[in-house]
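Working notes, structure below.
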Amino acid sequence: YERTCRYFARETNSVVVSVGYRLAPEYPYPTQFEDCLAATIHFMKTAQDYDVDPARIVVSGDSSGGTLCAAVAQALVNRRDVPKLRAQVLIYPFLQAVDFNLPSYQQNGGVPVLIKERVVSLGLKYVNKDLSAINSLLQGYQVPADLRQKYQKWLSPDNIPQEYKRRGYTPATPSPHSEEFCALAKPFFEPIFSPLICEDSVISQLPETFILTCEYDVLRDDGLLYKKRLEDHGIKVTLCNLEEGFHGTL
């Protein structure tokens with residue numbers, strides 16, 4: 001990412017700090033989030049040492065980096081020892097592990113580089129769980145009925161504009177949950193892992209947001225749903241959907 005970061009620094013005339021967070025499986029979840037949060041807080045407290053205005057700090061990340069970025073922004077909303085974030089920039093982020101049957105998953109499930117089975121495989125590896133559960137998790141056996149009802153208002157395909165369903169979408173019948181898979185996937189329901197399901201009290205305090213999505217990406221609808229959640233709480237959001245884009249296009 002060095003060339004990408006140099007490009008951002010040059011084209012935006014900004015100071016860019018790239019966090020070399022430690023990686024799984026040697027360093028298990030949630031080490032990655034903790035590293036990003038620690039680095040962000042340190043920089044915010046020392047920003048003036050780098051000639052940076054503390055009121056103009058933006059966090060950004062792509063793909064799983066977008067997950068971490070969103071989680072860091074949420075973790076900072078109630079802190080009083082650091083300045084408020086100016087904005088967050090989420091580039092085709094992964095934001096939820098509750099519903100793998102959203103329109104974008106149905107439409108783009110076989111589109112490289114991020115086919116839908118790989119999404120769940122990477123998630124299970126991240127939390128050091130057995131990969132044999134992939135197909136069951138794709139069908140939703142890990143979601144208890146009470147959580148499914150709670151998250152429905154945030155994750156309903158009805159919240160996705162009709163224009164994104166033109167390439168096809170069939171509403172999925174909810175699968176009965178399994179206690180075994182609920183226990184296996186417990187980390188999936190933590191906001192650090194799935195920032196889209198964070199509570200309203202946190203969402204309502206987030207900074208101005210830019211979200212980039214790609215039409216041919218299973219994660220497209222995560223970005224669309226997060227946009228609606230933020231806007232429902234009065235947060236200013238700019239969305240850019242690359243009509244010919246795919247995951248990793250950055």
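Side chains are part of it too, since the values below use all heavy atoms of this structure and drop only hydrogens, waters and symmetry mates. Because the structure is predicted, anything quoted here is derived from the model rather than measured.
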Indicate if [X] and [Y] have the same hydrophobic cluster label, given that clusters are the connected sets of ILVMFWY residues with side-chain heavy-atom separations under 4.5 angstrom.
X	Y	result
F100	V111	no
V218	L212	no
L242	L224	no
V58	I91	yes
I115	L122	no

pair [X]-[Y]: side-chain heavy atoms closer than 4.5 Å:
X	Y	value
F8	V89	no
W154	V98	no
Y92	C214	yes

How many angstroms lie between [atom1] in [X] and [atom2] in [Y], if you round to the nearest 0.5 Å?
X	Y	atom1	atom2	value
L137	Y141	CG	OH	11.0 Å
D232	K227	CG	NZ	9.5 Å
I197	I203	CD1	CD1	10.0 Å
L90	L239	CG	CG	10.5 Å
N108	L102	CG	CG	11.5 Å
S204	E199	OG	CD	11.0 Å

Is [X] reaching over with its side chain to a backbone N or O of [Y], donor-acceptor style, under 3.5 angstrom?
X	Y	value
E190	K186	no
T209	P207	yes
N159	L225	no

If you count the non-hydrogen atoms of other residues, nucleotides and ligands that lie under 6.0 Å from [atom1] in [X], is the total more than 12?
X	atom1	result
E231	CD	yes
N128	CG	no
E11	CD	yes
R56	CZ	no
K125	NZ	no
E244	CD	no
R6	CZ	no
H42	NE2	no

Y151-D99 side chain donor-acceptor pair, cut-off 3.5 Å: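 Not at all, the side chains of Y151 and D99 share no donor-acceptor pair under 3.5 Å.
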Side chains of H177 and E179, donor plus acceptor under 3.5 Å: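 There is such a pair (donor and acceptor under 3.5 Å, judged by atom type) between the side chains of H177 and E179.
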Any idea which heavy atoms bring [X] and [Y] closest together, and the distance?
X	Y	value
N101	A172	CB-CB, 3.9 Å
R148	S175	NH2-O, 3.3 Å
H247	V113	O-CG2, 3.6 Å
L37	V72	N-CG2, 3.9 Å
I192	T67	O-CG2, 4.0 Å
L184	A133	CD2-CB, 3.2 Å

Mutual orientation of the aromatic rings belonging to Y29 and F193 [parallel < 30°, tilted 30-60°, perpendicular > 60°]: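 Perpendicular.
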side-chain hydrogen bond (donor to acceptor under 3.5 Å, both in side chains) between Y27 and D35, worked out: CA-CA 11 Å; Y27 296 95; D35 284 356; over 6 Å; no
